[in-house]
Structures are given as structure tokens and as C-alpha cells.
Novice: 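Could you have a look at this structure, given as C-alpha cells, before my questions?
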2 protein chains.
Amino acid sequence: VAAPPDTLAARVLAGDARAIARAISQIEDGDHAGSGGAALVGALFPHTGRAYLVGVTGVPGGGKSTLVDQLIATIRAVGLKVGVLAVDPTSPFSGGAVLGDRVRMIRHAGDPHVFVRSMATRGHLGGLAGTTGDAALVLDAAGFDVVLIETVGVGQDEVEVAQTADATVVVLVPGTGDDVQAMKAGIMEIADVFVANKADREGIDRLVQSIEAALSLQPVVDGGWTPPVLKTEATTGQGVPELWETLCRFRDRSEALRAERRRTRAYARVSALTGDMLFARLQQALPAGALAQAAADVAGRRMDPYAAAHALVAQAVATRGGSI
Amino acid sequence: VAAPPDTLAARVLAGDARAIARAISQIEDGDHAGSGGAALVGALFPHTGRAYLVGVTGVPGGGKSTLVDQLIATIRAVGLKVGVLAVDPTSPFSGGAVLGDRVRMIRHAGDPHVFVRSMATRGHLGGLAGTTGDAALVLDAAGFDVVLIETVGVGQDEVEVAQTADATVVVLVPGTGDDVQAMKAGIMEIADVFVANKADREGIDRLVQSIEAALSLQPVVDGGWTPPVLKTEATTGQGVPELWETLCRFRDRSEALRAERRRTRAYARVSALTGDMLFARLQQALPAGALAQAAADVAGRRMDPYAAAHALVAQAVATRGGSI
């Protein structure tokens, strides 16, 4: 499948950095299923499926950015091209992510085989995992061998983003009870590899032990892979080559399992997009302001939210002359 | 609107603790719009709108649970009834939330005017805010004057949960750079009140200053309310009565603003429920396995996700004889 040479998709396929940046912006700007992102993803999709998508998540302050920076160096050292998506909810107060990216951009500025990009989350309520997944497709199509997806924070949203990857690294640090918090936030079960970062800190061995103790309570699933617990010092790079080696080992295991993950991912993605499309159709079928009026009725306690939603669906169906 | 005396809804309205617990379980178990939760919410809804919903969010390890525990005591001391929803993603490794709740349950065990409950998030993908909101309605209908909604973690999901409340408290602690992380995670803009907890720790004044500096960069919006920054020591209870006083002051300000928030919330809720109902209709219209087949096609790179979603919608519409 060859795209005409002058399209954005064709330039992405040729690895043009500006085109890649523009393509990701287009995906970020599209906030519904009928956006420009859909056509772009459609054009790029047949050229994807080759990149290794690695999610890096964990508690805030765990040194994820530094670790990702070191991973870039390790992956480049073996001659592979690497793209990074730093998924970071934008805040008017923030700017932190942009600064972090700039530092990395400067370090790798002379290297055309490294591409670093922040993904903003505002305006993508519920769609962050989808947007990130589409951006990863762009990097995949552009020929990057590895795409690192780094998340900030610990929440269900981060879990979903991490699940768009082929492998998930969960980063924890000793002290401050962060390990317990991570367990509570539900990011323990999604780990394929654990990293105990800041290995020079007191409490590192206790952290490793507590992770291993938690793992021993888990039934061995997922094709017999027990998530290893690695110690790293992201600031010096110690342990990072071993992390990459472990990720390669994970990649080389059961192909069937990876295929299964991709199917699960595709199911979630298609379901979400279908929901978006149906909702857009509903809005088209309803008179302007119908949804706002229903919300006002609910806020005024004149109707409960379920009854309001039922009424809207019934009204839209009647307008269109029946069905769905 | 009086419910027949023998229904679950009637027993909730009478303040029966077992009925409240069962009602919340019913809401948690219902994973789609047509669940038992819908009828229950419909019956309770006319009796709601009186409780003051207060969200408590912030970085993990910030002492939120202890703060909430002290708030319960403060609120009880002025004679008000208080319900607590501890929103905590369940993990097979965890148990932390349950333990924390038990401690609180024991402390307040003799007090029928305190109700504490964990909300599990598994199986409620994308619906956590809705589930929590419905559970808050149950407590509201049962006569609790205040409902505290406590979240674990920092993510978009936590932000959405916090936004189901009338007022949002963001808890930060000095040191460990958590303040910066909170800003990055986008929880700064949703704060109505900031709490700098662990006021006995070094760096507390620097934390307060950095929050105030960040606030000074913000245009004053939201009816002229500038979020105050309070210092607390949750372990001793210091500063907690002032926090409650501030929350009361926030509640007593512009009624118009609160109505506006409730409309926004209702809009989001009705939209989400409508989307759920449409998706359920789509699944009914499609042959069994159609969605799984589409997912397999996407995973196998035979079709891109947008095209697959379009095809499913088209197929469902055709099955039903046209429209939406």
C-alpha cells in the first residue's frame, strides 16, 4: 500500500520529523471519531505493527523521565530508532513537561533517530489512551523500532495508557511509602517488569523484597512470565542496559500472548470509537440545546440522569424514524 | 414523592445502614445503563440535592485518609451526619483501603451518623465518576449532611471524581517534589481549597509559598473566590476545624455558581449514560461476535480501528432498518 508522495502520511512514512510532529498534532486536535486523525491513521495503519511499544509508569517523583532518557541512550547504542511519547496532563500552572522534553531534545538534538514528544491530555476526556495509541501508530509507521510511552501520575487513566503498550515497566522508589501507594493505585498488576529506581537510596532492598513478596501472592499467569524486579540508578544509568535486555527477553517470549494483548487492545479501541460515533449521530439527530436542557432538568432535580438519558435516546430514535 | 415502605429505596430514605450498603453495592455491580442501579437512583433522586459533597484529592502519601478521619470528627462535633466514599482502585495485591476503612469504622463504630465505604473501580472503566456520583446520591438521600469523597492517586480519573463534588480540597505535603508533581498532574486547577498537610515538616512554608505563587499566576475566576491555602497536621488534627470552617464559607458563597457546577456535572453524566445506552443498543443489533471479529481484523492489521468502528455502526444501522 503506497500513499501518494505529497501527502502528510507519505512524509510520515518517509520519516520526516516535521511531518511526524504535524501528524501527532492533528491527532491531538481531533476530538471525535470523524476528525482528520481518522483518515491519517487509516493511511498509516497498514504500515504499522512493527514497533515495540514500551510503557513506563509509576509513582510521581520516581525518576521516570531520567530513566527514559537513559533508555534512549541504551537503545540508540544498539542502533535502533526510538520515539518517546511523554503523556502529561497539561496544566496552566505546569510547563514542567515541556521543560523536561527540551532538556532531552537538546541532548538528542543531533540525532535524527530520536523523536520526543509531549502528549497533552486536556480536551481528550476519556480519550487519552486512544490519542496516545494513535500517536504511537504514527511513530511506528515512521520507522521507529521502539516507542517509549511515559506517563505522569498514578491513576486508572495511566493504567489505560500503559495498557496500550506491548510491555509495561512500573517504576518504584524506596521510602515515602510510594510502593504501597502504587499497589493501592492498581499499577502493580499491569507490570511486566518492575524497576526499583534510586538504588543508592536507603530502603532499596526492602522495596525489592516487598515487591517480590507481593508477586509471590499472585498466581503465575501471562504465559508463565514472572515480572522480574530490577534495580536501577537512573541518574548514573546503572542497571539500564539490563532493563533493556529484560525488555528484549520479554518481547521474544510467546508470540501468541502478544497477539492476544493486541486483540484485547483493539477491542477496547474499536468499542470506544464506536461509542463516540454513536454519540455524534445522536447529537446530530437532536435539536440544538436538547442535551443542555436535559442537564438543566437533572440539575434542577426534575428528572434523574438515567431517565434523562433514556428520553434523549428515544427522542433521537424517533427523529430518525426508528432503530438503534 | 414517597416510596412504598418495604423497598430498598424506602429503607435508604429511612437511613438504614444495611440498606445503604446494599444500595451502593447494587450501584457498583451495575455496569451498564440498564442495571438495577438506574431504578434505585430514579427512586432516590427526588430526595437528593441537600448534602454537601466535598472531594478530597492529592498526591499519594499526602495523609488524605488521616485528614478525612479528622474531618469526620470535626463535622460530627457540630452535630452533622457524615458519609465517606473512599475511591480506591482495587488491586489483588492491595487490601490497603479495606484496612484503612476498618480502622475508621472501628473508631466511629458506635456512631450511626457516620458511614464509611470503599468504592472499588474494577469493571467500571470510564464509569468511576458516575458510580461514585450515584453512591453519593444514596448517602444524600439517606440524610447525610456531608459526603466526603476521598480519592487515591493523581490522574485524570481522580480529577473527574473530584469534579463530582460541590467543593474540592487538594492536599499537598512538603518535600519530595510532590507539589510540582501535583501541578503536572492537573489537580491544581480543580482546587477550591488547598491543604498543606504535615505542617510540622520542614519545607511547609516553601510549599505554601509555591502554591500561592502558582495561584497568583492564575486569573481570578469562579465568582471571585481565590482558593485559600491552609496548613494542617492531620495526625494531631491541628488546622482541621479551620478547614471545615473554610469549606462552610465556600458553600455559603454564590448560589448561582453552585447551580452552574451542578448543571455542568449533570451534562457530563447524561452524556456518559446516553453513550452507554447507545452502545448497548448497538451490541443488541449486531450478531454475536461481530465486535470481537472487528477487533481481530484490527489486531491483524486488515482494517484500521476507525474503519472498523464505522463498519460496525453501519451494520447495526442497516440491521435496525436505518437511522442513528
Side-chain angles (χ1 to χ4, degrees), chain A residues 38 41-42 45-46 49 60-61 88-89 91 93-94 96 121 126 152-158 176-177 180-181 183-186 188-189 214 262-263 266-267 269-270 273-275 277-279 281-282 285 294-296 298-299 301 304-309 312-313 316-317 320-324, chain B residues 38 41-42 45-46 49 60-61 88-89 91 93-94 96 121 126 152-158 176-177 180-181 183-186 188-189 214 262-263 266-267 269-270 273-275 277-279 281-282 285 294-296 298-299 301 304-309 312-313 316-317 320-324:
Chain A
V41 169
F45 199 75
D88 196 345
S91 156
F93 294 154
S94 172
T121 70
V152 165
V154 236
Q156 190 60 37
D157 212 47
E158 278 70 22
T176 71
V180 176
Q181 292 299 333
M183 293 177 199
K184 286 179 78 169
M188 293 292 283
E189 313 92 296
R262 293 193 169 200
R263 263 198 304 279
Y267 191 94
R269 183 73 180 127
V270 172
L273 285 175
T274 306
M277 286 176 195
L278 290 170
F279 192 71
R281 285 177 69 90
L282 174 103
V298 170
R301 251 71 192 172
D304 77 79
Y306 292 90
L312 286 174
V313 170
V317 165
R320 295 250 186 182
S323 101
I324 301 204
Chain B
V41 169
F45 199 73
D88 196 344
S91 156
F93 293 154
S94 173
T121 70
V152 165
V154 236
Q156 189 61 35
D157 213 45
E158 276 71 20
T176 71
V180 176
Q181 291 300 331
M183 293 178 199
K184 286 178 78 169
M188 293 292 283
E189 312 92 294
R262 292 193 170 200
R263 264 197 303 278
Y267 191 95
R269 184 72 180 126
V270 172
L273 285 175
T274 306
M277 286 176 195
L278 290 170
F279 191 72
R281 285 178 68 91
L282 173 103
V298 170
R301 252 69 193 174
D304 77 80
Y306 293 88
L312 286 174
V313 171
V317 166
R320 294 250 186 180
S323 98
I324 304 208

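Letters A, B, ... mirror the listed sequences (proteins, then strands); counts begin at 1.
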Novice: Which pair of heavy atoms, one from B/Asp304 and one from A/Gly42, lies closest together, and at what distance?
Specialist: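 Heavy atoms only, the tightest pair is OD2-CA, 3.3 Å.
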Novice: Report the distance from atom CZ of B/Phe279 to atom CE of A/Met277, rounding to the nearest 0.5 Å.
Specialist: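 Nearest 0.5 Å value for the CZ-CE distance: 12.0 Å.
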Novice: I need the residue from B/Arg262, B/Arg263, B/Arg301 with the largest number of non-hydrogen atom pairs under 4.5 Å to chain A.
Specialist: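 Looking at each of B/Arg262, B/Arg263, B/Arg301 in turn, B/Arg301 comes out on top.
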Novice: Measure B/Ala307 against the heavy atoms of chain A and call it side chain, backbone, both or neither at under 4.5 Å.
Specialist: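 Neither; nothing under 4.5 Å.
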Novice: With a 4.5 Å cut-off on side-chain heavy atoms, are B/Arg281 and A/Leu278 touching?
Specialist: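 No - every pair of side-chain heavy atoms lies 4.5 Å or more apart.
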Novice: Looking at B/Ala294 and A/Val270, what are the two nearest heavy atoms and their distance?
Specialist: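 Minimum heavy-atom separation between B/Ala294 and A/Val270: CB-CG1, 4.5 Å.
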Novice: Which heavy atom in A/Pro305 sits nearest to a heavy atom in B/Phe45, and how many Å separate them?
Specialist: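 Closest pair (atom of A/Pro305, atom of B/Phe45, distance): CD-CE1, 3.6 Å.
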Novice: What pair of heavy atoms forms the shortest contact from A/Ala266 to B/Ala295, and how long is it?
Specialist: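 Heavy atoms only, the tightest pair is CB-O, 3.3 Å.
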Novice: Could you grab the distance from atom OG1 of B/Thr274 to atom CG of A/Leu312, nearest 0.5 Å is fine?
Specialist: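 Result: 5.0 Å between the selected atoms.
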